[in-house]
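Worksheet: one structure, shown below.
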Amino acid sequence: MDELHDIRARFPAIDGQWARFDGPGGTQVVDTAIEAAADWQRSGNNANSLGAFAAAYACDDLVVRASATMGRLLGADPKGIILGPSTTANMMALTRAIGRWVGPGDEVICTALDHDSNVSPWLLMAEDTGCRVQIADFDPSTGRLSVEAVADLVSSSTRWVAVTGASNVIGTIPDVSAITQVAHEVGARVVVDGVHLTPHRQVDVACIGCDVFTTSSYKWYGPHAGIMWVEPGLLDDLDAYKLRAVSDLGPERFQYGTTSWESLAGLDAAAEFLLDVGLDRIAAAEAIRFRRLLDGLHDQSGVRVVGPQDSSDRAPTLMFEVEGFSPSEAASALAEHRVAVWDGSNYAVDAMEPLGLNTKDGAVRAGISAYTNDEDVDRLLAAVADIAN
Ligand SMILES: Cc1ncc(COP(=O)(O)O)c(C=O)c1O
């Protein structure tokens, strides 16, 4: 029996009306996260941190609690946890600060497998500072980014390496620990975009050894928020763009404006949910659904699965094309069957061309989440068969 067979009951929005394969773009929210955010807003604690009254203390406590929970979820020192609005916003803030350290002659390595939030902020920084960005390519036939592809670009000029923990379009998982090692050998720092990895694998930042790790709680059953871990020593050294009244040390320097307390309460509960259920159990259950989906798509005529054709060692996310349909036409036709999928590049801008896709239109993307069941998969497969034939 599927170990997660009763988990759907924890998601009020998963009511069988729609088969939801849009999780890589944002999952539905778990009951405890919904309640935690609502409870916070009912509690009277909606204030601000660093005040002299009970509600202000409650805000301080919430930051400490959410940081500690995130530290446990990611295997990371909570002193480095920054609680921000989104990963994109966090990356813009980070690269703006790093831009004060780099200039002509310095190099940053990004990858073609990454979501644009781990590429464009570096390109913009390069425009401002004169440093150079190089892009490491993945193997289009396997969809895999090898350690060598990054190592070949690493030199004594490399200052930063920015690499995804898992592709948000084809799910492949680079060896970020080995890539970190290669970068550290020349004294470069490493940012791992963990947004697509965190919902599908047990993360251990200490074991990866990276300097920065990012994730977004709306991809793992929580509210819209971005969490960025920065190695605490590095965090204090970074010259953040910040307001004068804000502390000169610690995560507050990157927490722009008043925190969304209700989101913090919700993300804390969502992280506790992942810790309670266990990422290994989630990954095992998702792998079963993913194989069913992949095998089912392979069996259909007029359907091309993009990138890797096997299900091993990847997050349960894939792209496919339906002959005779543009990706957006296919997604609309699937929506008529109440099957929710995304279409387009899904911001993995540099991955489209190597995958043989129109860079603008991309393909259809379907992702398995913890709440996906066999009936959902069969509904998607039947809908694809209906439109393809
Ligand atoms: C792999 C990956 N990185 C980064 C992001 C950006 O996250 P956010 O929307 O929190 O800025 C996404 C969002 O889709 C993503 O899938």
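Because the structure is a prediction, the values reported are computed rather than measured. The figures that follow rest on heavy atoms only: side chains count, while hydrogens, waters and symmetry mates do not. Throughout, numbering of the chain's residues begins at 1 and tracks the sequence.
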Might you confirm whether atom NZ of Lys79 has over 12 heavy atoms from other residues, nucleotides or ligands at distances under 6.0 Å?
no

Less than 4.5 Å apart, side chain to side chain, heavy atoms only: is that true for Val322 and Glu329?
no

Would you mind telling me which of Ser216, Ser260, Ser263 makes a side-chain contact (heavy atoms from CB on, under 4.5 Å) with Pro223?
Ser263

Shared hydrophobic cluster for Val190 and Phe138 (ILVMFWY, side-chain gaps under 4.5 Å)
yes

Residue pair Ile81 / Pro251: nearest heavy atoms and the distance that separates them:
O-CB, 3.2 Å

Assess whether salt bridge (Lys or Arg N to Asp or Glu O under 4.0 Å) is satisfied between Asp39 and Arg42, documenting all intermediate values.
CA-CA 5 Å; Asp39 284 351; Arg42 278 193 212 100; 3.0 Å; yes

Leu4 and Tyr371: side chain to side chain contact (heavy atoms under 4.5 Å, CB included), yes or no, with the steps?
CA-CA 8 Å; Leu4 293 184; Tyr371 46 69; over 6 Å; no

So that I know where these two stand, are Tyr256 and Tyr241 an aromatic pair - ring centroids less than 6.0 Å apart?
no

One thing to verify: whether Asp106 and Arg132 come together as a salt bridge, which I'm taking to mean a side-chain N less than 4.0 angstrom from a carboxylate O.
no

Run the numbers on Asn346 and His115 for side-chain hydrogen bond (donor to acceptor under 3.5 Å, both in side chains), then give the verdict.
CA-CA 8 Å; Asn346 297 292; His115 184 284; over 6 Å; no

Measure the acute angle between the ring planes of Phe273 and Phe11, then classify it against the limits of 30° and 60° as parallel, tilted or perpendicular.
perpendicular

Are any of the side-chain nitrogens in Arg10 or Asp276 under 4.0 Å away from the carboxylate oxygens of its partner?
no

Closest non-hydrogen atom pair between Thr129 and Val102, with its separation
CB-O, 3.7 Å

Any side-chain heavy atom of Thr142 sitting closer than 4.5 Å to one from Pro308?
no

CD (Gln309) with more than 12 external heavy atoms under 6.0 Å:
yes

Identify the two heavy atoms, one from Ala331 and one from Asp343, that lie closest to each other, and give their separation to 0.1 Å.
CB-OD1, 3.5 Å

So which atom in Met91 and which in Trp122 form the shortest heavy-atom distance, rounded to 0.1 Å?
CE-NE1, 3.6 Å

Compare every heavy atom of Val341 with every heavy atom of Arg365, then report the nearest pair and how far apart it is.
O-CB, 3.4 Å

Arg8 atom CZ, neighbour heavy-atom count above 12 within 6.0 Å
yes

Between the main-chain N or O of Val195 and the side-chain N or O of Asp193, is there a donor-acceptor pair closer than 3.5 Å?
yes

When you measure from the side chain of Arg289 to the backbone of Ile368, do you find a donor-acceptor pair of N or O atoms at a distance under 3.5 Å?
no

Side chain to side chain contact (heavy atoms under 4.5 Å, CB included) between Phe21 and Asp376, intermediate numbers included:
CA-CA 8 Å; Phe21 290 89; Asp376 290 332; 3.8 Å; yes

What heavy-atom pair brings Pro24 and Asn168 nearest, and what distance separates the two atoms?
CB-O, 4.3 Å

Under 3.5 Å: donor-acceptor pair, side chain of Arg314, backbone of Thr317:
yes

Run through Ile208, Val192, Leu145 and flag the one making a side-chain contact (heavy atoms from CB on, under 4.5 Å) with Ile179.
Leu145

Note: Arg304-Glu323 ion pair, threshold 4.0 Å (strictly below)
no

Could you grab the distance from atom OG1 of Thr214 to atom CE of Met228, nearest 0.5 Å is fine?
8.0 Å

Hey, any chance Tyr57 and Trp40 share a hydrophobic cluster, counting ILVMFWY side chains that come within less than 4.5 Å of each other, even indirectly?
no

Could you work out, with ring pair (Phe, Tyr, Trp, His ring centres under 6.0 Å) as the rule, every residue matching Trp342, not counting sequence neighbours?
none

Taking atom types as modelled, find out whether Gln17 and Asp15 have a side-chain donor-acceptor pair closer than 3.5 angstrom.
no

